[in-house]
Amino acid sequence: MSRDDRYRVTIVKYGTRQTVRSDVYLNYHLYGEPDGPIGMDYFFWIVRNDRRTIVVDTGFSAAGGARRNRTTLIEPAAAFAQLGVGQATVVVTHAHYDHIGNLDLFPGQKVVMTTNEYDFWIGPYATRTLVHHSVEDSEIGYMRKVREENRLLTFANEHDLAPGIKLIEVGGHTPGQAIVLVQTDDGPVLLASDAVHYYEEYERSMPFTQVANVVEMYATFERIRGMVATGEVRHLVAGHDPDTLARFGDGAGLFATIG
Ligand SMILES: [Zn+2]
């Protein structure tokens, strides 16, 4: 890879669970369709070239996963080691337990997230039942520590993290959910994280159960459709879809690479 504004994107599947459609699609009964089983996979992403390595989210911790009966396929720390990822800047797409669980693997490193996301989780409504069950207090505490250590970079709307890596705040799923647009030799890749858990969620505009702002969620589906239509996005990487690895690799292992 010669140009320093293009990257390889590695998708890491580190966890999984089985659930039902009515558990993942908000007000599922409104669609008038039978309920049924659906899998949910857990991912984080590594963006790198010869000059830079950026980690996008850090997966759930052993405690956070165990508390919710999630299955760990590979410990995130082991995945980082296996892929040769040492210390790196970390992008936090949002502060849910399955996205910031191992932030302490990157001590002293810069952490980047939206101002709205940070402010919400240290604010007065973060402890309310419908939102609090998706976070771990100790991990929100660690996020605060990152700020106290002056290594938290927050942004609003958009942030050019490095040449070829743009962070975009979309909200919807959480108050400050972000998505990540990465340039690769195989075209632009959008790491949608939890703005799009499932391809079906995006294709049929079916918001996920956990929604801070349902209008923003609908608007984000439209925005991404526009980005795909114009070629601003070539590869859409969903945040939890069990089909994701098969779309970008052979689907058999825990990793797939684009670019
Ligand atoms: Zn989430």
Problem - Test of ring centre spacing under 6.0 Å for H197 and H99 - result: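 For H197 and H99, the ring centres are not under 6.0 Å apart.
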Handout entry: Distance flag, aromatic centroids of F44 and F80, threshold under 6.0 Å
Key =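 Aromatic pair counts; centres sit under 6.0 Å.
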Supply the atom-to-atom distance [X] [atom1] to [Y] [atom2], rounded to the nearest 0.5 angstrom.
| X | Y | atom1 | atom2 | value |
| --- | --- | --- | --- | --- |
| L83 | I74 | CG | CD1 | 7.5 Å |
| Q82 | L254 | CD | CG | 8.0 Å |
| R70 | F60 | CZ | CZ | 7.5 Å |
| R48 | I165 | CZ | CD1 | 12.5 Å |
| R144 | W121 | CZ | CH2 | 13.5 Å |

Report yes if the side chains of [X] and [Y] come closer than 4.5 Å at any heavy-atom pair, otherwise no.
| X | Y | value |
| --- | --- | --- |
| N69 | R17 | no |
| L73 | K13 | yes |
| T58 | E139 | no |
| Y199 | R247 | yes |
| F43 | L245 | yes |

Practice task
Using the side chain to side chain contact (heavy atoms under 4.5 Å, CB included) rule, take M40 and V24 through it: C-alpha gap first, then chi angles, then the decisive distance, then the call.
Solution key: CA-CA 9 Å; M40 173 172 274; V24 302; 4.2 Å; yes
Exercise for the section: Answer yes or no: is there an ion pair linking E232 with K166, defined by an N-O contact shorter than 4.0 Å? Expected result: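 Salt bridge between E232 and K166, a charged N being under 4.0 Å from a carboxylate O: no.
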Handout entry: NZ/NE/NH1/NH2 to OD/OE distance under 4.0 Å, E149 and K145
Key =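 Here E149 pairs with K145 in a salt bridge, since their nearest N and O are under 4.0 Å apart.
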Handout entry: Side-chain donor-acceptor contact under 3.5 Å, H94 with E117
Key = no
Exercise for the section: May I ask you to check whether S61 and E136 show a side-chain donor-acceptor distance below 3.5 Å? Expected result: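 S61 vs E136: no donor-acceptor pair found between side chains.
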Keeping [X] on the side-chain end and [Y] on the backbone end, is there a donor-acceptor pair under 3.5 Å?
| X | Y | answer |
| --- | --- | --- |
| D186 | I258 | no |
| H240 | Y42 | no |
| R234 | P188 | no |

Problem - Enclosure of Y125 OH (heavy-atom neighbours >12, cutoff 6.0 Å) - result: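 Open: at most 12 neighbouring heavy atoms sit under 6.0 Å from OH of Y125.
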Practice task
Check R51, Q183, R52 against Y7 for a side-chain hydrogen bond (donor to acceptor under 3.5 Å, both in side chains) and give me the one that passes.
Solution key: R52
Exercise for the section: Test the R225-Y202 pair against the cation-pi criterion, namely NZ or CZ under 6.0 angstrom from the six-membered ring centroid and within 45° of the ring axis. Expected result: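 Yes, R225 and Y202 form such a contact.
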